[in-house]
Amino acid sequence: MLREILKTEIEKKGFVTFDRFVYLALYHPEYGYYTKKRTKPVPGEDFFTAPELSSIFGKVIANHIRKISEKRNIPLRILELGGGKGFLAKDILSSLPVEEYIILEKNNVAKEIVHRVKIVENLNEIENFSGFVISNEFFDAFPFKRIRKINGELREVVLRKKGNELFEDTIPFTEEIPCEPEEGCEYSLFTGWNSFLENLFKKFQSGYFLTIDYGDFCKNLRNRREGTFLSFRKNRIERDYLRFIGEVDLTSRVDFSHLKNLLARYLTSIEIKPQSEFLLSEGIERFLSPEDAITALTLIVDMGRKFKVLSGFKN
């Protein structure tokens with residue numbers, strides 16, 4: 001059905017921009033990947049997040065929050081952006097005497113994992129807030145454009161159709177871009193970050209901000225000939241993503257240079273470090289048992305190199 005919706009839009013305009021495609025494929029109320037498929041209260045399915053791999057991750061985050069709370073006298077009120085299935089909330093709540101835990105999420109599947117949370121679909125449902133704002137793999141889940149440099153010209157990937165088939169094409173891109181790709185390379189420009197952060201920080205009065213995601217800095221993303229766009233299905237990269245619309249996760253590596261610049265309008269003392277460095281500095285070994293060796297290697301070595309941790313204070 002999503003394919004038909006896309007075809008109808010293409011017939012009206014001649015093409016669909018890639019960020020519009022991502023939005024429909026992930027968040028269409030009836031047929032989107034996050035609204036119809038990834039809604040079971042079980043870990044994994046098409047990909048594993050760190051909280052789904054092990055409770056160790058959540059325990060380390062909880063310990064970090066506890067130390068910040070004690071040092072800065074920040075109340076243990078938590079707003080988790082994109083809490084997904086609730087595994088991180090479950091582990092934090094089992095480790096900390098949290099006063100209030102709110103999850104911003106499009107579905108209620110987290111309620112099946114943990115009951116002491118309030119789930120909201122948008123920021124308008126939240127009163128002015130002081131405490132902790134946290135997220136894991138949230139900013140990579142926004143719709144994004146794909147911008148290529150071809151013969152010195154920036155061009156935007158769009159989808160067109162021929163008969164019943166959808167295919168990629170490009171059109172000129174004339175908007176501002178925070179990180180210009182090199183010749184022959186592709187950069188993912190997330191749309192919606194700026195307006196979301198404006199709305200978030202109207203509510204978020206003071207406290208601590210922590211977000212974890214996979215990505216890199218502009219200097220390392222702009223020269224990737226394979227681009228930064230990824231699609232996942234059954235725990236593998238799915239290259240034929242147009243064959244499985246609404247059944248694959250569409251995502252991209254986060255540009256932490258751009259995200260930091262946006263957050264610098266609101267936060268002070270911003271730090272960015274690899275997940276490996278963060279977990280080791282927080283004493284992850286204290287939470288490990290002998291049978292956790294493989295999980296620890298994944299969190300520290302595999303994910304540890306690909307993921308970064310960004311934090312800062314809202315005064």
Side-chain angles (χ1 to χ4, degrees), residues 1-10 15-40 44-50 52 81-85 104-107 109 135-148 155-161 165-171 173 179 181 185-193 196 211-216 221 224-256 258-259 303 306-307:
M1 193 63 193
L2 263 179
R3 188 177 298 273
E4 299 307 314
I5 292 171
L6 285 163
K7 287 179 182 177
T8 300
E9 289 202 12
I10 291 171
F15 61 84
V16 164
T17 60
F18 203 79
D19 55 334
R20 173 63 176 167
F21 163 71
V22 173
Y23 173 76
L24 290 173
L26 296 183
Y27 298 110
H28 186 280
E30 291 183 73
Y31 310 113
Y33 177 78
Y34 280 112
T35 52
K36 75 152 191 179
K37 184 173 184 186
R38 193 171 160 81
T39 57
K40 298 175 184 176
E45 293 180 277
D46 291 308
F47 60 91
F48 281 87
T49 63
E52 292 173 20
L81 309 175
K85 299 182 177 185
L104 178 70
E105 185 55 78
K106 293 287 186 183
N107 60 58
V109 65
S135 63
N136 181 68
E137 296 195 47
F138 175 72
F139 286 97
D140 70 85
F142 278 69
F144 54 92
K145 294 179 178 292
R146 293 166 57 198
I147 312 301
R148 295 175 181 167
R155 297 187 66 84
E156 173 182 353
V157 174
V158 297
L159 296 182
R160 299 187 189 272
K161 78 179 187 75
E165 298 300 316
L166 301 179
F167 66 95
E168 291 184 5
D169 195 10
T170 63
I171 60 173
F173 180 78
C179 179
C185 299
E186 180 180 296
Y187 173 80
S188 295
L189 176 60
F190 286 95
T191 52
W193 276 6
F196 174 82
T211 189
I212 303 167
D213 226 315
Y214 56 92
D216 213 326
L221 294 175
R224 295 179 63 92
R225 291 194 173 274
E226 70 275 26
T228 57
F229 162 55
L230 297 164
S231 62
F232 290 95
R233 181 171 178 266
K234 296 182 178 179
N235 290 290
R236 294 189 299 182
I237 291 177
E238 176 56 69
R239 302 198 182 280
D240 192 8
Y241 68 93
L242 289 175
R243 182 183 173 190
F244 301 101
I245 301 172
E247 299 177 28
V248 292
D249 178 42
L250 305 173
T251 184
S252 183
R253 292 174 176 86
V254 167
D255 177 1
F256 276 91
H258 181 40
L259 184 58
M303 285 183 164
K306 298 173 183 175
F307 282 66

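For clarity, every value in this text was computed on a predicted model and none was experimentally measured.
- Here Glu186 contributes atom CD and Ile147 contributes atom CD1; the two are 8.5 Å apart, rounded to the nearest 0.5 Å.
- We find the CG-CG distance between Leu26 and Leu250 to be 5.0 Å, quoted to the nearest 0.5 Å.
- Residue His258 is tested with Phe142, Tyr187, Trp193 for a ring-ring contact (aromatic ring centres under 6.0 Å, His included); the sole match is Trp193.
- Taking the ring pair (Phe, Tyr, Trp, His ring centres under 6.0 Å) definition, one finds that Phe244 meets it with nothing, sequence neighbours left out.
- Just one of Glu247, Arg233, Arg243 meets the side chain to side chain contact (heavy atoms under 4.5 Å, CB included) condition when paired with Glu238; it is Arg233.
- With sequence neighbours left out, the salt bridge (charged side-chain N to carboxylate O under 4.0 Å, His left out) criterion links Lys145 to Asp19, Glu156.
- Aromatic rings of Phe138 and Phe196 (six-membered ring for Trp) have centroids within the 6.0 Å cut-off, being under it.
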Ile245 vs Phe21, test: side chain to side chain contact (heavy atoms under 4.5 Å, CB included). Steps then yes/no.
CA-CA 9 Å; Ile245 301 172; Phe21 163 71; 4.0 Å; yes
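- Residues satisfying the salt bridge (charged side-chain N to carboxylate O under 4.0 Å, His left out) criterion with Arg253, sequence neighbours excluded, are absent altogether.
- Here the straight-line distance linking atom CG of Asp216 with atom OG1 of Thr228 works out to 10.5 Å at 0.5 Å rounding.
- For Asp213, the side-chain contact (heavy atoms from CB on, under 4.5 Å) partners are Glu137, Phe139, Asp140, Val254, Phe256, not counting sequence neighbours.
- Other residues, nucleotides and ligands contribute at most 12 non-hydrogen atoms within 6.0 Å of the NZ atom of Lys306.
- Every side-chain hydrogen bond (donor to acceptor under 3.5 Å, both in side chains) that Arg20 has, sequence neighbours left out, goes to Glu9.
- The distance from the OG1 atom of Thr191 to the CZ atom of Phe144 is 9.5 Å, given to the nearest 0.5 Å.
- Residues passing the salt bridge (charged side-chain N to carboxylate O under 4.0 Å, His left out) test with Arg224, sequence neighbours excluded: Glu226.
- Evaluated for a side-chain hydrogen bond (donor to acceptor under 3.5 Å, both in side chains) with Asp249, the options Tyr34, Tyr241, Tyr33 yield exactly one hit, Tyr34.
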